[in-house]
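To find a chain, count down the sequence lines: A is the first, B the second, and so on, and within it residues start at 1. Quantities reported herein were computed from a predicted structural model and do not represent experimental measurements.
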Amino acid sequence: MRFKRVKGTRDILPGEALARRELEQMVYDKFSRAGFLPILTPTFEAYELYQRSTGQASDIVIKEMYRFADMGGRDLALRPEATPSVMRAVLENYLKIPIRLWYAMTMFRQDKPQKGRYREHTQIGAEIVGEAEPEADIELVKLGYDLFTEMGIKGMYLELNTIGCRECRPGYTEKLVEFLKEHQEGLCSDCKVRMKRNPLRVFDCKVKSCQAVLKNAPSQRVYLCQDCRNHFDQVKKGLEQFSIPFNENDRLVRGLDYYSRTVVEFKSTLLGAQDTLCGGGRYDYLAEELGGPSTPATGFAFGVERALLVSKGEEVFDFTKSPISLLLLPLGDEARGYSLQLLFKLREAGISVQVEFRPGRLSRKLKHADARNAERVLIVGEDEIAKARFILRDMKTGEQRQVTIEELLGIPELKEPPSLLTSGEDQIT
RNA sequence: GUGGGUGUGGCUCAAUUGGCAGAGCACUUGACUGUGGCUCAAGAUGUUGUGGGUUCAAGUCCCAUCACCCACCCCA
């Protein structure tokens, strides 16, 4: 029985895995320097956590969660996103706020897979918990912007909006619903449902007739309270001050229920209709929703697979070409055991080295060595062991000479870290 | 949930109006018993996604089904 991977999941082969490590290292450095601490939360949580935070009006909760019962009858779900877990962890562990946290964790959503979208995917995110100031939003956006710039994200642009707070949003949604009701006949069936559940989401609709109706919809701008207006103005001012280009888009809402005030999306023109690379915003009420004290917070998260897709494109390291710095070629049974000892000795000295144990004549072994991209080989035969002098052959030039183990340890090139990464044409997909 | 596309050796793809399932790459072995890359020779690899139907005959035509890819919705 040959098995296949489950729909929407992927095997991340060495080439891509290496690229991801490189990315994670970069992110780690950047976040650490900005005072963000790493956090890891469980892969599954109580279903209710997401229901209460991500929201009953979100598509994620309505139809995309992996929900299951464990043997104790607990109602659980694989995490579809991390923010609720992070906030839950902050509250549950009474972490001292303010605190800056970041994570790189897998997420699970049961939607239909396509390019750059998988049922299991990795998100890297950052959260500032306990700071209500617009500067926290600015800091975060700047952090993301620098990160994506450094990654070489192509066609990147940024959309920004505010969706008000609990003071001013109700007044606005009332007006919006009023308007939508008047123009109900022009709306698609989905929007009619959204109108009742989460009216702001109608702005997400791509149906042309709906967009036509929405063209004349009241703008939230007009209804913002003074505090929200100030907050938004300051965020915008900050971004301008630090030369971060953005489009102000009063149609940008977000798919999740917990957002308030600032919402932001990083997009790439390379991604087509599902162009969102990174999403985030402020969620000042989430802590209270989860039974904690009033705790303002703001954060963002991006999909690693998607980010890699728009930074490196289809190009990824070709791991089949990753070289072997030194390969030992034992000849004969006795030489195999000897080579293993030698292998460990050389490794302890910091040399990157492997052994070809498979049987065969020297010519066959050399052929294998070549196929494995060995840069040098060391021939370990009975004669060499007896004389304690081995033949070191440069596979590129074909030059070879006799060396003792002491001489081998003194060759500086062998101590250089292995260069596993060779750029190639291997496919991400 | 909706729409489109593709399924043939490990990989990339051929196969005429329906007529013996093929090539290139990769792989194995040998020429070469301790010196690779080049060359030459030989070899292995398939339920043509699956099930049914039409036919003397189906990779090819028809029906069904599955898988994967792409797009929509939504999201990262």
How far, in whole Å, is B:C32 from B:C11 if one measures between their C1' atoms? 30 Å
Distance between the P atoms of B:G46 and B:U8, in whole angstroms? 15 Å
Classify A:Gly398 by what it touches in the nucleic acid, base, sugar-phosphate, or nothing, heavy-atom distance under 4.0 Å. base
Lys/Arg cation over aromatic A:Tyr118: A:Arg10, 6.0 Å, 45° cone: yes
When the distance from CZ of A:Phe203 to P of B:C74 is rounded to whole Å, what number comes out? 14 Å
A:Lys63 has an atom NZ; how far is it from atom C1' of B:C74, in whole Å? 6 Å
Rounded distance in Å between the P positions of B:C70 and B:C13: 15 Å
Note: A:Glu45-A:Arg79 ion pair, threshold 4.0 Å (strictly below): no
B:C69 OP1/OP2 closer than 4.0 Å to side-chain N/O of A:Gln114: no
For nucleotides B:A58 and B:U48, find the distance between their P atoms and express it as a whole number of Å. 12 Å
Between B:G34 atom C1' and A:Ile385 atom CD1, what is the distance in whole Å? 13 Å
Atom CZ of A:Arg119 and atom P of B:A67 are separated, to the nearest Å, by 11 Å
Report all interatomic pairs (protein N or O, nucleotide N or O of nucleotides 1-11 of chain B) with separations under 3.5 Å.
residue: B:U2; atom: O4; partner: A:Lys112; partner atom: NZ; Å: 2.6

Looking only at B:G34, B:A76, B:U28, the nucleotide nearest the A:Ile379 side chain is B:G34
Contact under 4.0 Å: A:Lys115 side-chain N or O vs B:A71 OP1/OP2: no
Interatomic distance, A:Leu23 CG vs B:A76 P [rounded to whole Å]: 18 Å
C1' atoms of B:A15 and B:A23, separation to the nearest Å: 10 Å
Integer angstrom distance from the C1' of B:G30 to that of B:A67: 42 Å
What's the CZ-C1' distance between A:Arg20 and B:A76, to the nearest Å? 12 Å
Please measure how far the P atom in B:U6 lies from the corresponding atom in B:C62, and state the result in whole Å. 13 Å
